[in-house]
Amino acid sequence: MEEFPSKQSTENLDDPPNSRLFVVTSRSITEEELRESFSVFGDIQGVWVVKDKQTKESKGIAYVKFSKSSQACLAMEEMHGKVLVEGTKPVKVFIAQSRSSTRHRDVEDEELTRIFVMIPKTFSEEDLKNTFKEYGEIEYCVIIKNKFTGESKGLGYVRYYKPSQAALAIENCDKTYRAILAEPRSKAASTEDYAGGAARVDYSADPGNYQVIDYRSGEFTRCLMMSTRAALTQEQIFSLFDIVPGMEYCELQRDAYGMTKGHALIRYSNLGSAVYAKEKLNGFEYPPGNRLAVNFVDDGEDRSSPVGRMAMQFVAAQMMNAVWNGPSSSQVMKPPGFSTVSPMPRIQTDVSLPPLKKLAPPDSKAKERLFVVFSPSPLPLDVLEDVFCRYGSLIEVHLVPGRKVGYMKYADKQCADDAMAALHGRIVNGGHLTKGSGDCCHDTMTP
DNA sequence: CGACGGGACGC
DNA sequence: CGACGGGACGC
């Protein structure tokens with residue numbers, strides 16, 4: 001209550017987040033005593049003892065605002081349970097609930113010790129740990145991976161032991177990591193015994209042993225259901241799903257009047273082909289602008305036996321791997337009797353495309369960016385990546401959501417120029433590509 | 001017409 | 001149990 005700079009008093013109490021303490025203390029404690037006790041932990045922007053409106057007596061509650069969350073957290077960690085003045089009860093110290101929040105639960109350490117970060121896809125959990133250990137001892141790190149391929153999604157969690165460590169990481173790590181506090185995993189608030197005194201949440205279990213492949217769900221079958229809003233002919237659907245060998249059945253569903261319902265049922269002779277077709281065609285735009293939805297449907301086969309299920313999912317996982325990493329990486333461990341998948345002719349264009357080239361590492365510095373206009377509608381990301389990577393050094397394809405434009409990030413200017421020269425004005429899968437010209441193509445990006 | 005992002009964990 | 005004030009930027 002003292003000098004909260006006037007503007008901050010109502011709006012910036014939570015700025016930055018988690019920089020304000022809620023202190024439960026003796027009714028006899030004064031603002032000055034609080035300030036003195038807490039000021040060693042950082043810059044105090046204000047101390048406010050809540051008092052009864054009429055009697056003006058302290059209600060034994062106070063708020064202490066720091067300029068940084070790490071300072072508030074450190075103060076909480078150090079002061080919780082301490083006796084401030086001889087003969088008074090020990091204080092309880094929490095991060096204050098944000099003013100806009102309606103809930104009245106204490107903010108638990110659980111919610112303050114885990115951060116969520118964006119990292120290069122090349123990062124291992126070891127890399128992640130090494131990067132973030134400078135802010136405090138890490139309980140564990142996890143990288144979010146594709147369940148089937150094990151490929152990193154470029155996102156990770158880092159759990160510290162103390163809130164102040166997580167806060168320091170968020171405040172001081174490189175901005176490109178976009179570190180924020182992670183939302184608690186389960187909404188079910190762990191009913192940790194939080195009885196008075198200095199008892200805080202104790203994290204000791206869980207070394208972080210995560211399984212990559214989900215063997216439990218029985219979601220894979222040889223049958224697919226395709227849904228579309230655009231009217232497609234039987235022949236078109238057949239062509240689409242003929243991208244892999246083994247199609248046994250393909251039929252557009254019709255109602256009693258022979259009208260199409262926008263669904264087609266497709267069955268393959270083997271699970272792998274179904275998995276591949278599902279992965280490649282689900283979300284595919286055909287014709288451009290019309291997203292197909294493709295999902296597994298029950299094929300009536302018995303998947304209840306654990307062995308059979310394992311086998312099926314193993315095959316599915318291998319297929320996924322092939323889909324994502326290309327045929328070269330799928331040479332290993334091909335199950336017997338499993339038909340080879342032919343590459344999908346999914347790109348039709350008037351350009352003579354050079355062979356595929358590897359993408360530049362995701363954390364590469366962008367030297368050039370192409371601005372691309374799509375007409376009539378944007379092509380799917382995987383198609384764009386396939387086309388635009390062929391000139392080398394492509395880092396990333398970015399589509400502007402809800403618009404018909406996108407950006408192609410390149411690590412090398414010459415490659416970008418080559419791509420522009422080759423692709424400007426060309427037709428890919430029925431749609432036009434128009435590249436912007438002039439200055440707009442020469443922005444330098446900050447990574 | 002067509003201009004600047006992205007983010008979530010096995011129950 | 002223990003949760004949110006007093007006073008008034010500067011145009």
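Throughout, a chain's letter reflects where its sequence line sits, starting with A, and its residues are numbered from 1. Keep in mind the model is a prediction, meaning the values are calculated, not measured.
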- Any Lys/Arg nitrogen of E385(A) or R390(A) sitting under 4.0 Å from an Asp/Glu carboxylate oxygen of the other? no
- Under 4.0 Å between a side-chain N or O of R20(A) and OP1 or OP2 of dC4(C)? no
- So, is K89(A) near the phosphate of dG2(C), with a side-chain N or O under 4.0 Å from OP1 or OP2? yes
- Rounded to whole angstroms, how far apart are OH on Y157(A) and P on dC9(B)? 6 Å
- Under 4.0 Å between any heavy atoms, over every strand shown, what does V117(A) touch: base, sugar-phosphate, or nothing? Just pick one. base
- Note on the structure: The nucleotide from dG2(B), dC9(B), dG7(B) with an atom nearest the side chain of I144(A) is dC9(B)
- Task: Report yes or no: is the ring centroid of F22(A) under 5.5 Å from the six-membered base ring centroid of dG2(C), with the two planes under 30 degrees?
- Result: no
- Item | Rounded distance in Å - CG (D106(A)) to P (dC4(C)) | 14 Å
- Query: Between atom NE2 in H398(A) and atom P in dC4(B), what is the gap in whole Å?
  - Reply: 9 Å
- Query: Within this structure, what is the CE-to-C1' distance between M118(A) and dG5(B), rounded to whole angstrom?
  - Reply: 8 Å
- Item | F371(A)-dA3(B) aromatic stacking (under 5.5 Å, under 30°) | yes
- Considering only heavy side-chain atoms of K59(A), the closest of dC4(B), dC4(C), dC9(B) is dC4(C)
- Taking NE2 from H424(A) and C1' from dG2(B), how many angstroms apart are they, rounded to a whole number? 13 Å
- Among V47(A), V91(A), L84(A), find the one that has a side chain to side chain contact (heavy atoms under 4.5 Å, CB included) with S37(A). L84(A)
- Query: Rounding to a whole Å, what distance do you find between K53(A):NZ and dA3(C):P?
  - Reply: 13 Å
- Note on the structure: For E33(A) and S28(A), the nearest pair of non-hydrogen atoms, with its separation, is OE1-O, 3.9 Å
- Task: Report which part of the nucleic acid R114(A) touches: base, sugar-phosphate, or nothing (heavy-atom distance under 4.0 Å, all strands).
- Result: base
- Query: Are E110(A) and R185(A) ion-paired here, with the side-chain N under 4.0 Å from a carboxylate O?
  - Reply: no
- Note on the structure: Residue set satisfying ring-ring contact (aromatic ring centres under 6.0 Å, His included) with F41(A), at least two apart, ordered chain then number -> none
- Item | Separation of atom CD1 in I180(A) from atom P in dA8(B), rounded to whole Å | 10 Å
- Query: Taking only side-chain nitrogens and oxygens of K92(A), does any of them come within less than 4.0 Å of OP1 or OP2 of dG2(C)?
  - Reply: no
- Task: Among dG2(B), dG6(B), dC9(B), find the nucleotide with the atom closest to the side chain of R185(A).
- Result: dC9(B)
- In whole angstrom, give the distance that lies between atom NZ of K147(A) and atom C1' of dA8(B). 13 Å
- Is there any ring pair (Phe, Tyr, Trp, His ring centres under 6.0 Å) pair reaching into residues 100-132 of chain A, and which pairs are they, with sequence neighbours excluded? F116(A)-Y157(A), F132(A)-Y177(A)
- Query: Distance under 6.0 Å and angle within 45° of the ring axis: does R369(A) meet both against Y407(A)?
  - Reply: yes
- Message: Syn if the chi torsion is within 90° of 0, anti otherwise; quick check, which is dC9(B)?
- Response: anti
- Please work out if L399(A) contacts a base, only the sugar-phosphate, or nothing of the nucleic acid, heavy-atom cut-off 4.0 Å. nothing
- Distance-only donor-acceptor test (3.5 Å): side chain E183(A), base dG7(B): no
- Message: Judged by each residue's nearest nucleotide on DNA chain C, which is more toward the 5′ side, K56(A) or T25(A)?
- Response: T25(A)
- Short side-chain N/O contact from R99(A) to OP1 or OP2 of dG5(C), under 4.0 Å: yes
- Note on the structure: Which of dC4(C), dG5(B), dA8(B) is nearest the side chain of L155(A)? It is dA8(B)
- Query: Hey, is Y63(A) doing a stacking thing with dA3(C), by the 5.5 Å centroid and 30° angle criteria?
  - Reply: no
- Using the aromatic ring of F116(A) (for Trp, its six-membered ring), decide whether it stacks on the base of dA8(B) within the limits of 5.5 Å and 30°. yes
- Would you state whether a donor and an acceptor, one from the side chain of R369(A) and one from the base of dC4(B), lie under 3.5 Å apart? yes
